[in-house]
Protein chains: 2
Amino acid sequence: MKEVAELLKAKGLKVTPQRIAIFHMLCNTVEHPSAETIYKSLQETHPTMSLATVYKTLDALKKAELVQELNVGEDSFRYDAKVHSHPHLICLSCNHVYDLHTDLLQDLREKVAQDTDFELFSEKIYFYGICPECQKK
Amino acid sequence: MKEVAELLKAKGLKVTPQRIAIFHMLCNTVEHPSAETIYKSLQETHPTMSLATVYKTLDALKKAELVQELNVGEDSFRYDAKVHSHPHLICLSCNHVYDLHTDLLQDLREKVAQDTDFELFSEKIYFYGICPECQKK
DNA sequence: TAGTACAGGATAGTCATTATTATTAAGGAG
DNA sequence: CTCCTTAATAATAATGACTATCCTGTACTA
């Protein structure tokens, strides 16, 4: 919990209970929640927190590069505290979003940059399919 | 123009002037337009066409797999008549979206499927950076 | 050519996100 | 530690992309 506050401060963000709660929650989940989901799951511990605060905090965290925004094709964004660029796997059955840790994409950005003369900063890579759990059903 | 109608019919879609216009426009652009953009650019030739028709047509084309929907992180979707899965390059300066034709990603889906035990159907890959044009400025 | 199912047009509704505004609290200076 | 300034929060209204509705019109089948 302490570290969370430190990270915020290190980025020049004012440290508030709301920001700590949201960032802490994102750091300790593997779920890639949406703003709405974050809001609901913090209702218990922070019942007075406004949904607008969640959005603004996520925006602040995003700009501070403490969080990345995922765009898996749903009607809302999801958020990931693992800010290092990595691909995601989306199960079309249970709608879970999983991190993919692989070195298959290691030099990809560099190679693409060479091929296209683009100056590349980041990439978003999403794979869509059925997760092992759902395949069993 | 004829082929466009044939493609629609082949997919069991009723052939209407509006659908022809929208699909034809998508087939002959490299711009990856949004629904709004499509609507505006067809105003001249089809002034009576409703925005709702654009949305409904795009939905029909998407379901018929004649078009793919892109989600580059803007507040609206873009559409691409090149339905074969291919990566896109987004210029953060001019906001243009470019197709990337490369074989760097050839066996990627297969490898990822093996690594993760997912059954994979598709992927979306976006690279973000500055295009050669904008770099000159 | 007539009938029917489905597409189009107009527009109201929905829902995620953003803007607004008054209030409150964080964090630095003294 | 207390005051002050600035920025964050809460509540809520507004925005804007997209969807639903509903009635009219038209593409296709026989």
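Predicted model, so just to flag it, every value in this text is computed and none were measured. Protein chains get the first letters and strands the later ones, always in sequence-line order, with residue 1 at the start of each. Hydrogens, waters and symmetry mates play no part in the numbers below; they use all other heavy atoms, side chains included.
Under the 4.0 Å criterion applied to side-chain N and carboxylate O atoms, B:Asp115 and B:Lys111 are not assigned as salt-bridge partners.
Between the side chain of A:Tyr98 and the backbone N or O of A:Glu31 there is no donor-acceptor pair closer than 3.5 Å.
Comparing atom distances between the A:Val15 side chain and each of C:dT17, D:dC18, C:dG27 picks out C:dG27 as nearest.
Rounded to the nearest 0.5 angstrom, B:Lys62 NZ and B:Glu69 CD are separated by 3.5 Å. Here OH of B:Tyr55 is found 9.5 Å from CD1 of B:Ile38. Values are rounded to the nearest 0.5 Å.
With rounding to whole Å, B:Tyr39 atom OH is found 15 Å from D:dC18 atom P. Taking atom NZ of A:Lys9 as the reference point, atom C1' of D:dA8 lies 16 Å away to the nearest angstrom. Distance B:Leu70 CG to D:dC18 C1': 17 Å, rounded to the nearest Å. For the pair B:Phe77 CZ and C:dT17 P, the interatomic distance rounds to 11 Å; values are reported in whole Å. Following rounding to the nearest Å, B:Ile38 (CD1) and D:dC18 (P) show an atom-to-atom distance of 10 Å. In this entry the distance linking CD of B:Glu69 with P of D:dA17 reads 15 Å, nearest Å. Protein atom CG of B:Leu58 is 13 Å distant from nucleotide atom C1' of D:dA17, rounded to whole Å.
Every residue meeting the side-chain contact (heavy atoms from CB on, under 4.5 Å) condition with A:Thr116, not counting sequence neighbours, appears here in chain and number order: A:Val112, A:Phe118, B:Leu89, B:Leu100.
Taking only side-chain nitrogens and oxygens, B:Tyr55 never comes nearer than 4.0 Å to OP1 or OP2 of D:dT19.
Judged by distance alone, the side chains of A:Gln18 and A:Thr57 never bring a donor and an acceptor atom under 3.5 Å apart. When only modelled atom types and interatomic distance are considered, A:Ser76 and A:Glu36 share no side-chain donor-acceptor pair under 3.5 Å.
Relative ring orientation between B:His32 and B:His88 is described as perpendicular, the plane-to-plane angle rising above 60° on a 0-90° scale split at 30° and 60°.
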Item to check | nucleotides 3-11 of chain C: protein proximity per nucleotide (B base, S sugar-phosphate only, - neither; heavy atom, under 4.0 Å) | outcome: --BSSBBBB
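Taking the screw axis at each terminus of the helix from C:dT1-D:dA30 to C:dG30-D:dC1 from five consecutive base pairs, the angle between the two is 40° to within rounding of 10 degrees.
Counting only heavy atoms from C-beta outward, the side chains of B:Asp80 and B:His86 approach each other to under 4.5 Å.
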